[in-house]
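So you know, we letter chains A, B, ... as the sequences are listed, proteins then strands, and number each from 1.
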There are 2 protein chains.
Amino acid sequence: MTKLSLTEENYLKAIYFIGGTSNQLVNTNAIAERLNTKAATVTDMLRKLKQKDLIEYQPYKGTRLKLEGKVKAIGILRKHRLWETFLVEKLAFGWEEVHEMAEQLEHIQSTELTERLSAFLGFPEFDPHGDPIPNKEGVFPRRDNVTLDRAKPDTAVMVQGVKDSSTEFLNYIAKLGIQLGDHIAVKSVEEFDRSLVVEHKNQQYRISALAAANLYIKEL
Amino acid sequence: MTKLSLTEENYLKAIYFIGGTSNQLVNTNAIAERLNTKAATVTDMLRKLKQKDLIEYQPYKGTRLKLEGKVKAIGILRKHRLWETFLVEKLAFGWEEVHEMAEQLEHIQSTELTERLSAFLGFPEFDPHGDPIPNKEGVFPRRDNVTLDRAKPDTAVMVQGVKDSSTEFLNYIAKLGIQLGDHIAVKSVEEFDRSLVVEHKNQQYRISALAAANLYIKEL
DNA sequence: AATCATTTTTAGATTTGCCTAAATTTAGAT
DNA sequence: ATCTAAATTTAGGCAAATCTAAAAATGATT
């Protein structure tokens with residue numbers, strides 16, 4: 001567990017995001033662009049990270065994260081999303097405002113702090129943008145038991161189940177005509193109260209964040 | 001408002017603490033010792049900070065903060081103590097564990113974040129160590145309406161008043177024989193429940209954190 | 001007032017992260 | 001198969017923050 005510099009952490013993060021979940025080979029130029037730096041600078045850093053055994057790197061061929069590098073990157077992502085959740089849920093920031101601050105907070109070292117923060121927030125699995133928060137082993141929550149309030153605008157989903165199975169809630173969705181297997185298209189999400197405008201059975205209507213949070217969905 | 005590097009911030013903080021409230025001239029060596037660095041390194045930085053007009057500095061004579069430097073230092077101190085309060089009160093860390101983390105958190109930039117954190121914590125005036133938290137204008141809370149629970153071990157205080165003036169509380173302190181103007185010596189503070197062992201009128205006894213929090217005192 | 005121990009500064013290097021400009025490699029097009 | 005444009009690396013340098021060793025200033029003491 002070597003301690004990384006802030007810059008090294010940012011390079012790992014960049015490679016992680018560009019490479020995507022499948023850990024594709026990443027170009028030097030792509031990294032330079034993402035970090036607003038120059039290709040020559042990136043080359044220097046890649047040699048350094050290879051030397052630390054955090055990445056695979058062949059000159060002219062590109063780079064990808066090795067296991068240890070990926071673990072580090074996911075750890076930073078975890079912290080980023082937990083802090084964003086804190087900023088929005090506890091300090092009442094808008095979810096567009098928090099990225100910059102989370103970019104700084106994600107580099108705070110203590111693992112103990114990260115875990116206590118997670119506990120304080122109620123072990124959230126998704127951040128305010130709806131992005132999944134990996135657990136401390138680096139495992140992402142399954143997209144399965146995602147609820148409708150996590151859906152992004154312009155996505156199509158299928159109703160898979162209900163979280164709240166009280167008769168009140170079941171009556172309410174019955175009134176809307178929602179049934180298991182129904183397809184719903186999310187048209188827009190209101191920033192103010194997180195309510196959603198959806199299209200369902202050729203009708204458009206608005207559904208509250210609370211109701212949406214109790215409908216399990218699968219993205220299509 | 002020039003943005004300072006992390007290192008520059010740490011130098012200002014060091015000068016602030018060594019110089020004390022009276023803003024005494026500070027020796028190069030003292031700074032070097034506090035920051036675990038070498039005198040030569042300090043000299044370099046002092047020239048730089050002088051150039052930025054944050055400090056007064058005469059070679060061989062010593063240094064002191066100018067107004068702008070002092071404002072910066074107090075701003076960092078404010079963030080440090082707010083974060084410590086957060087770590088102890090919200091994340092349930094022990095008050096000995098938090099310094100290291102607060103050292104990192106105090107350098108997070110956003111003023112808006114600092115102010116919202118303060119609001120979230122209920123605008124605290126003292127941190128978990130009992131140290132005063134300057135407000136956003138850099139003004140420290142007056143030591144006057146300090147309560148006994150803020151007192152440190154091995155300090156002598158005088159009872160100035162009560163915060164809770166219910167008959168229950170007044171009866172309780174009457175039973176202990178505490179009166180206005182009494183001198184109390186704080187012997188020790190129990191980490192677990194913040195209760196205090198005090199010496200009062202030649203008797204030693206324990207007083208709970210709650211009771212202590214309702215006695216206004218003046219340090220002697 | 002001269003001396004000497006201590007403090008401080010200067011001089012010269014080192015490391016990290018970054019740059020520009022030139023050289024090299026790669027891969028697509030002829 | 002060769003050529004050329006794009007991508008990438010190499011070479012050489014710069015600024016920040018640090019170091020060691022040597023030089024200079026201070027001030028306390030004789």
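Atom-to-atom, CG of B:L49 to C1' of D:dA16 comes out at 13 Å; the value is rounded to the nearest Å. Protein atom CG of A:L25 is 16 Å distant from nucleotide atom P of D:dA7, rounded to whole Å. Atoms CG (A:L4) and P (C:dT16) sit 13 Å apart, rounded to a whole Å. Between the CD atom of A:E33 and the P atom of D:dA6 there is a distance of 16 Å, given to the nearest Å. The separation between B:K3 atom NZ and D:dA16 atom C1' is 15 Å, rounded to whole Å.
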Which donor-acceptor pairs under 3.5 Å do side chains of residues 64-73 of chain A form with protein atoms, sequence neighbours excluded?
from  : atom 1 : to    : atom 2 : distance (Å)
A:R64 : NE     : A:N23 : O      : 3.0
A:K66 : NZ     : A:D53 : OD1    : 3.4
A:K72 : NZ     : A:T2  : O      : 3.1

Under 3.5 Å, sequence neighbours excluded: what are the donor-acceptor pairs made by side chains of residues 28-47 of chain B?
from  : atom 1 : to    : atom 2 : distance (Å)
B:T43 : OG1    : B:A39 : O      : 3.1

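Between B:W83 and A:W83, the ring planes are perpendicular. Angles over 60° get that label, and only those under 30° would be called parallel. In this pair, A:H80 and A:H99 present their aromatic rings tilted. The plane angle is within the 30 to 60° band.
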Please tabulate, one pair per line, each protein N/O and nucleotide N/O from nucleotides 2-4 of chain C that are separated by under 3.5 Å, including the distance.
none

For nucleotides 25-29 of chain D, give me every protein contact, N/O to N/O, under 3.5 Å, one pair per line with atom names.
none

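In terms of phosphate contacts, B:Y11 brings no side-chain nitrogen or oxygen within less than 4.0 Å of OP1 or OP2 of D:dA16. Side-chain nitrogen and oxygen atoms of A:S5 include none within less than 4.0 Å of the OP1 or OP2 phosphate oxygen of C:dT16. Applying the 4.0 Å criterion to OP1 and OP2 of D:dT8, one finds that A:N29 has a side-chain N or O inside that range. Considering only side-chain N and O atoms, B:N27 lies under 4.0 angstrom from the phosphate OP1 or OP2 of C:dT8. For B:T7 and D:dA16, the shortest distance from a side-chain N or O to OP1 or OP2 is not below 4.0 Å.
Within residues 35-47 of chain B, the residues approaching DNA chain C are B:A39, B:A40, B:T43, B:R47, by heavy-atom distance under 4.0 Å.
Between the side chains of B:E112 and B:S110, not a single donor N or O lies within less than 3.5 Å of an accepting N or O.
One finds no salt bridge joining A:E106 and A:R78 here, because no Lys/Arg side-chain nitrogen approaches an Asp/Glu carboxylate oxygen to under 4.0 Å. With respect to A:K152 and A:D131, a salt bridge is recorded, a charged nitrogen being found less than 4.0 Å from a carboxylate O.
For the salt bridge (Lys or Arg N to Asp or Glu O under 4.0 Å) test, no residue two or more places apart in sequence or in another chain qualifies with B:K61.
Across all strands shown, C:dT30 forms a Watson-Crick or G-U wobble pair with D:dA1, both key distances being under 3.5 Å.
The closest donor-acceptor contact from the side chain of B:E219 to the backbone of B:A156 lies at 3.5 Å or more, if one exists at all.
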Pair B:H183-B:H200, ring-ring contact (aromatic ring centres under 6.0 Å, His included): steps then yes or no = CA-CA 7 Å; B:H183 286 204; B:H200 171 228; 9.9 Å; no
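Aromatic ring centroids of A:F140 and A:F126 lie 6.0 Å or more apart.
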